[in-house]
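Only this structure's heavy atoms are used, side chains among them; waters, hydrogens and symmetry mates stay out.
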Amino acid sequence: MSTTSTDPRAAAAALLVPGTTCHGFAVERRETVPELDSDAYVLRHTTSGARLLYLACDDENKAFAIGFKTPPADSTGVFHILEHSVLCGSAKFPVKEPFVDLIKSSMQTFLNAMTYPDKTIYPVATTNEQDLYNLMDVYLDAVFNPAIYTKPTIFEQEGWHYELDLPEGAEGEDDGSPASLREGTLRYNGVVFNEMKGALSDPMSVLDDAVNAALYPDTAYAHESGGDPRAIPALTYEQFLDTHARHYNPSNSYITLYGDLDVNRALAFLDERYLSQPSAASRRMDTAVAAGEDPSTLAPNPLGAQAPVTCEYKRVEMATTPENALVGLGLVLGSALDRKRTIAADILFEALLGSNEAPVKKAILAAGLGGNVVSYTAAESLQPYELIMLQNAQPGVARELRRTFQDACRDLCEHGVPRERLEAIISSNEYDLRQRDYGIADGVAIACDALSTWLYDDDAATLALKYGPVYEELRGELDGSYFEDLLRELVLENDHMALVELVPVDAAEGAEGAEAAELAAKRDAMTDAELADVVERTAALRAAQEAEDTPEAKATLPRLRVSDIGEAHPEPPLVVDTTAPIPCLRHGIPTNRLAYAMQYFDLSCVAFEDLPYVTLLCRLLKQLPTREHSAEELDNLLAGKLGFLSFTTEVMTQPDVDGVRPYLLVSAGALSEKIDALASLPREVWSSTLLLDADADRVRDVLTQIRIGLEQGFINNGHSAALGRAMSYSSPSAVVREQLSGVDFYLFLRDLLDHFDERLDDLRAKLAELADRIFVADGCMASFTGSDEDFDAYWDAAGDLGLGAGDGAGRDALVVPAPCDRHEAFVIPSDICFAASACDPRRLGIDVTGTWAVAANALSYDYLWNEIRVKGGAYGCGFRAAGERQAAFYTYRDPAIDPSIERVERAGAWLGSFEPDEAAFEGFIVSCVSGMDAPVKPYALTKRRNTTYLAGLDPHAREERRAQMLAATPGELRSLGTDVTRIAAESPTCVFGGRDVIAKSNANFNVVDLLG
């Protein structure tokens, strides 16, 4: 709900006149940013030196962000730990977890903080202006006046601390036998410590870090800004406080305001509340100077450029599976302030490596050096770089990769980069820029984008946002040799590059064994008194974690009331247009001159054992030639004419608890002026792809890339894999999902690749037969989002989409096996684990209403957060109650399995005795409803509405669920406690985790070595 009524751009223009001062801010300049439909104002707070960028526009989803330049001097992760820690209470808001309290009680549409290699950003977004000030108040007090100066337990909890696991029955020094302390196992714990153990279980992250260290050895970028678990325990509490004092001050800050807000009020708030007031950091600095410390030693860490260096070869070893072998080639592109060069390089490498038909990627795959090659442009650093990464690399191919890559680029420099590819990539990028679907609140994404140049030059606050002229100039460069010259400079003549190989080694040689040996040595070197102190400090930390915030402390937090929510935003009605050649779900949603067309093809005609082939069909379409175009021509055509084209599968759980309806979904988007392509190209792909003649190497490459992607998902997002697998133990719909995209599909795929040559002909025939059976009008439902003119133009061009009626044979071929609890724990190369317990509550006779969403909020951000994240050290955890068809507990990057399972078992008892005060309970309702009311981009909204229809949900179910949230009472939540206990007890559990973590569990899992 917006509280402003005037045009924000007109109001800002009247108030913020360049050369004037407003609430202590000197207005330096005003610029129009047509790409964002906004006006940008660059200001500087004259007293504190704080920089501010305001983007005035009519977006009701307002945003605020404050960032600091934070280049690390080592790999202790101090800035990452600070990012977590400052949000654990402050002078004005002396509660333990104000960050969590805001999640529980505000109308935020984004609330988080992020540590980058050279900066830390604290952004928020909300549709309610008063809520924006509440969020700003808490965040600003957190960064400037955090409780870390008076509560060292915050550092221990969020960063690291020792724990001593005593033998069963021992109680430390209280039992009178210091020997029992000697028998204990010393270990590290801490939220960031465990998070980074999970993050650095990802070989791609480890390789990227190694490439950075090789490219920028004399700068901040040589260090792991998130923290290396081997280095984190070297950080002391005093170093932690000193680092905050030197960096978290207004003169080192960058503030962004965005959207339809009262900027006069916002500037006054910033000036009076914070920027003109002393902070905890400034007081510590003043004390240091008064004590005689040299002021020059109190400055922030420097951020300097790296002189060109060439790393001919570097080997990095990692305890992981052989399939995770990687080679990385890093190329420094130049300066972050040379936007044309950075954008051009991104376009160029996307054209050369962005698909299997891209010329350089094709050459590397043909050389048989590895399973896949990907590249990305790391533009958010002082010296952007391109990383070309070979996945599933063969042993010892690093130098051969570089040679093959350079030879292919040399050929393109001599004969020219194909203009149709460059033009297609430029068109695709321009589509994405018009769509503006960042995946998060626009203002948050824009604030982060602005810092990709502003951090390095005070005059470059808007440089990264004004991309229109750059693209116009690059289109002009297609007529000359600009791109060939750039390719030559970056690849063939570049004296700032690095070649790094990541070599998998046996786990016994890895970091976990080194850590265990280090801790054993530390324990042996400790005195009895020091070991007793570890036990005492752990107990003190537990006491602090378990202590309730006082009513007085809770009362300091700003809160919205239910009355602040306002009415729901009505959605335009969903219309089933039966006048179209194919029944069509028609969405009247504004799209900024874009159009989205979808077709849902019923998969009930496919036998269960054939479902994995449907996923392969989806992935191979677009990768193979059609009767009309070669694979390369098709690749260029799709990128140039469409914003995107995807073939995926979706499974719709039905009103009947055993009902399931899978679909093959074809989704495409295009600019309004390219409606003809939107109508013709998807049809060409599904109807005329040459499946029977599919090239063996091309098919093998695609299948290998799918396998690599799945394995990366298991390692990095194991909670999602665990949730899906746990649901499959009781839900037929989840059984189908597993067959299409989960563990069962992965095992099918590995077997297919192991016997690829002997099964190739059968594979081709099966894919062709399935395409003929699936792509028919029978059971097909279309969807269209766009203007009326675009709708008419689309169907005029599409006709009946070339779909035959189908013979109806096999329409009921799909028979889903009965689910059963497999109680599996899947071993992945990791030092942590992901666990999930899930079920369909309808099987337990439980009706999940909107009240459950409020209960899920309370369980996730009160009980589970404190028990599993704060005490247990897991990076994430939660309880979900999605509609009436899923209930699930999960943990993310968790150091142990059994303690979390035990805490989940007690969740129902906690809810049964839940007695929140009135303000806190209203907060739970506000945050639940605001999450439901948050703005949604057109494509996501389209898919949500289609799912409602195809899953047989009541079209008014969201309204009813919202009303139930608003009407929820504490007593109703307490009454759900018994059902939550049942869900915890009767929901099957699945784990993805490291072998050592799984071995320590007493839950008797069926252990599966998933990745071999």
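- Under the 4.0 Å criterion applied to side-chain N and carboxylate O atoms, Glu31 and Arg29 are assigned as salt-bridge partners.
- Not one N or O on the side chain of Gln383 forms a donor-acceptor pair closer than 3.5 Å with the backbone of Ala305.
- Annotation: cation-pi pair Arg265/Tyr133 present, NZ/CZ under 6.0 Å from the ring centroid and within 45° of its normal.
- Within the model, atoms CG of Asp37 and OG1 of Thr32 stand 11.0 Å from one another, a figure rounded to the nearest 0.5 Å.
- Considering all non-hydrogen atoms of both residues, Ala245 and Ala281 come closest at CA-CB, 3.7 Å.
- Contact between Thr126 and Thr109 at its shortest, heavy atoms only, is N-OG1, 3.5 Å.
- Residues Thr453 and Arg339 form a side-chain contact, since some pair of their non-hydrogen atoms from C-beta on lies under 4.5 Å apart.
- Ion pairing between Lys104 and Asp101 holds under the 4.0 Å rule for side-chain N and carboxylate O.
- Panel note: side chain Ser276, backbone Glu272; no donor-acceptor pair is recorded below 3.5 Å.
- Residues Leu474 and Ile343 form a side-chain contact, since some pair of their non-hydrogen atoms from C-beta on lies under 4.5 Å apart.
- The aromatic rings of Phe240 and Phe155 are tilted relative to each other, their planes meeting at an angle between 30° and 60°.
- Nearest heavy-atom pair, Leu486 versus Arg341, reported as atom, atom and distance to 0.1 Å: CD1-NH1, 3.6 Å.
- Using modelled atom types, one finds a donor on one side chain and an acceptor on the other under 3.5 Å when comparing Gln239 with Thr236.
- No donor-acceptor distance shorter than 3.5 angstrom exists from the side chain of Glu386 to the backbone of Val332, with no hydrogens or angles considered.
- Remark: side-chain polar atoms of Arg30 are not paired, donor with acceptor, to backbone N or O of Tyr41 under 3.5 angstrom.
- Tyr54 and Asp39 share no side-chain donor-acceptor pair at under 3.5 Å.
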request  = Could you please spell out the steps behind the side-chain hydrogen bond (donor to acceptor under 3.5 Å, both in side chains) verdict for Ser279 and Asn145?
outcome  = CA-CA 6 Å; Ser279 66; Asn145 303 299; 4.9 Å; no
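- The number of heavy atoms from other shown groups lying within 6.0 Å of CZ (Phe64) is above 12.
- Defined by atom type and a distance below 3.5 Å, a donor-acceptor pair is missing between the side-chain atoms of His496 and Tyr385.
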task = Run the numbers on Asp458 and Arg51 for salt bridge (Lys or Arg N to Asp or Glu O under 4.0 Å), then give the verdict.
result = CA-CA 8 Å; Asp458 286 350; Arg51 306 158 187 82; 2.9 Å; yes
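- Residue Glu35 comes nearest to Arg436 through the heavy atom pair O-NH2, 2.7 Å, listed as atom of the first residue, atom of the second, then distance.
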task = List the steps and the verdict of salt bridge (Lys or Arg N to Asp or Glu O under 4.0 Å) for Asp442 and Lys937.
result = CA-CA 10 Å; Asp442 289 8; Lys937 295 292 184 179; 3.0 Å; yes
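- Residues Tyr438 and Val444 are not in side-chain contact: their nearest non-hydrogen atoms beyond the backbone lie 4.5 Å or more apart.
- The pair Lys340-Glu477 meets the salt-bridge criterion, with a side-chain N (NZ, NE, NH1 or NH2) lying under 4.0 Å from an Asp/Glu carboxylate O.
- Proximity of a side-chain donor or acceptor of Gln108 to a complementary backbone N or O of Phe110 within less than 3.5 Å is detected.
- Taken to the nearest 0.5 Å, the OG atom of Ser381 stands 8.5 Å off from the CG atom of Leu333.
- Side-chain atoms of Ser106 never come within 3.5 Å of backbone atoms of Ile103 as a donor-acceptor pair (strictly under, hydrogens ignored).
- For the residue pair Ser90 and Asp141, a side-chain donor N or O sits within less than 3.5 Å of a side-chain acceptor on the partner.
- The closest side-chain donor-acceptor pair between Tyr237 and Asp242, if any, does not fall under 3.5 angstrom.
- Looking at Thr70 and Thr120, their side chains do bring a donor and an acceptor atom within 3.5 Å of each other.
- Between the His223 side chain and the Ala73 main chain, a donor and an acceptor come within less than 3.5 Å of each other.
- Ring planes of Trp865 and Tyr861: tilted class, angle from 30 to 60°.
- Rounding to the nearest 0.5 Å gives a distance of 5.5 Å between CD1 of Ile426 and CZ of Arg475.
- Taking 4.5 Å as the limit, some side-chain heavy atom of Ile446 sits within range of a side-chain heavy atom of Leu465.
- For the pair Ile81 and Ile232, the minimum side-chain heavy-atom distance is below 4.5 Å.
- Residues Leu455 and Tyr254 come closest through the heavy atom pair O-OH, 3.5 Å.
- Residues Asn301 and Arg246 bring a donor and an acceptor atom of their side chains to less than 3.5 Å of each other.
- Counting only distance, with no hydrogens or angles, the side chain of Ser428 and the backbone of Ile425 share no donor-acceptor pair below 3.5 Å.
- Of the possible polar contacts, one joining the Asp131 side chain to the Met107 backbone as a donor-acceptor pair under 3.5 Å is found.
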request  = Step by step, work out the side-chain hydrogen bond (donor to acceptor under 3.5 Å, both in side chains) result for Asp228 and Ser75.
outcome  = CA-CA 6 Å; Asp228 183 337; Ser75 293; 5.7 Å; no
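- A 4.5 Å side-chain heavy-atom check between Leu337 and Leu463 finds at least one atom pair inside the cut-off.
- Residue Cys22 holds its SG atom at 5.0 Å from CG of Leu267, rounded to the nearest 0.5 Å.
- Note that CG of Asn134 is 8.0 Å distant from CG of Asn128, once rounded to the nearest 0.5 Å.
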task = Take Glu472 and Lys466 through the test salt bridge (Lys or Arg N to Asp or Glu O under 4.0 Å) and record every step on the way to the result.
result = CA-CA 11 Å; Glu472 186 176 346; Lys466 301 172 80 170; over 6 Å; no
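- Under a 4.0 Å N-O distance rule, the pair Arg9/Asp58 does not qualify as a salt bridge.
- Checking Thr127 against Glu60 by side-chain atom types alone, no donor-acceptor pair falls below 3.5 Å.
- When ring centroids are compared, Phe25 and His45 come within the 6.0 Å threshold.
- Tyr149 and His244 have perpendicular rings, their planes meeting at more than 60° on a 0 to 90° scale where under 30° would count as parallel.
- Closest approach of Asp549 to Lys554, counting heavy atoms only: O-CE, 3.5 Å.
- Rounding to the nearest 0.5 Å places CG of Asp74 at 7.5 Å from CG of Leu235.
- For Glu224 (side chain) and Gly226 (main-chain N/O), a donor-acceptor pair under 3.5 Å exists by modelled atom type.
- With respect to Phe269, the side-chain contact (heavy atoms from CB on, under 4.5 Å) criterion is satisfied by exactly one of Asp137, Leu275, Asp262, Asn264: Asp137.
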query = When you look at Tyr456 and Asp118, which way does the side-chain hydrogen bond (donor to acceptor under 3.5 Å, both in side chains) test go after all the steps?
reply = CA-CA 10 Å; Tyr456 316 118; Asp118 57 13; 2.6 Å; yes
task = Check the pair Glu195 / His80 against side-chain hydrogen bond (donor to acceptor under 3.5 Å, both in side chains), numbers first and verdict last.
result = CA-CA 10 Å; Glu195 176 191 350; His80 188 189; 3.1 Å; yes
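- Side-chain N/O atoms of Glu158 and Ser85 include no donor and acceptor closer than 3.5 Å.
- In this structure the side chain of Leu382 reaches within 4.5 angstrom of the side chain of Tyr221, judged on heavy atoms.
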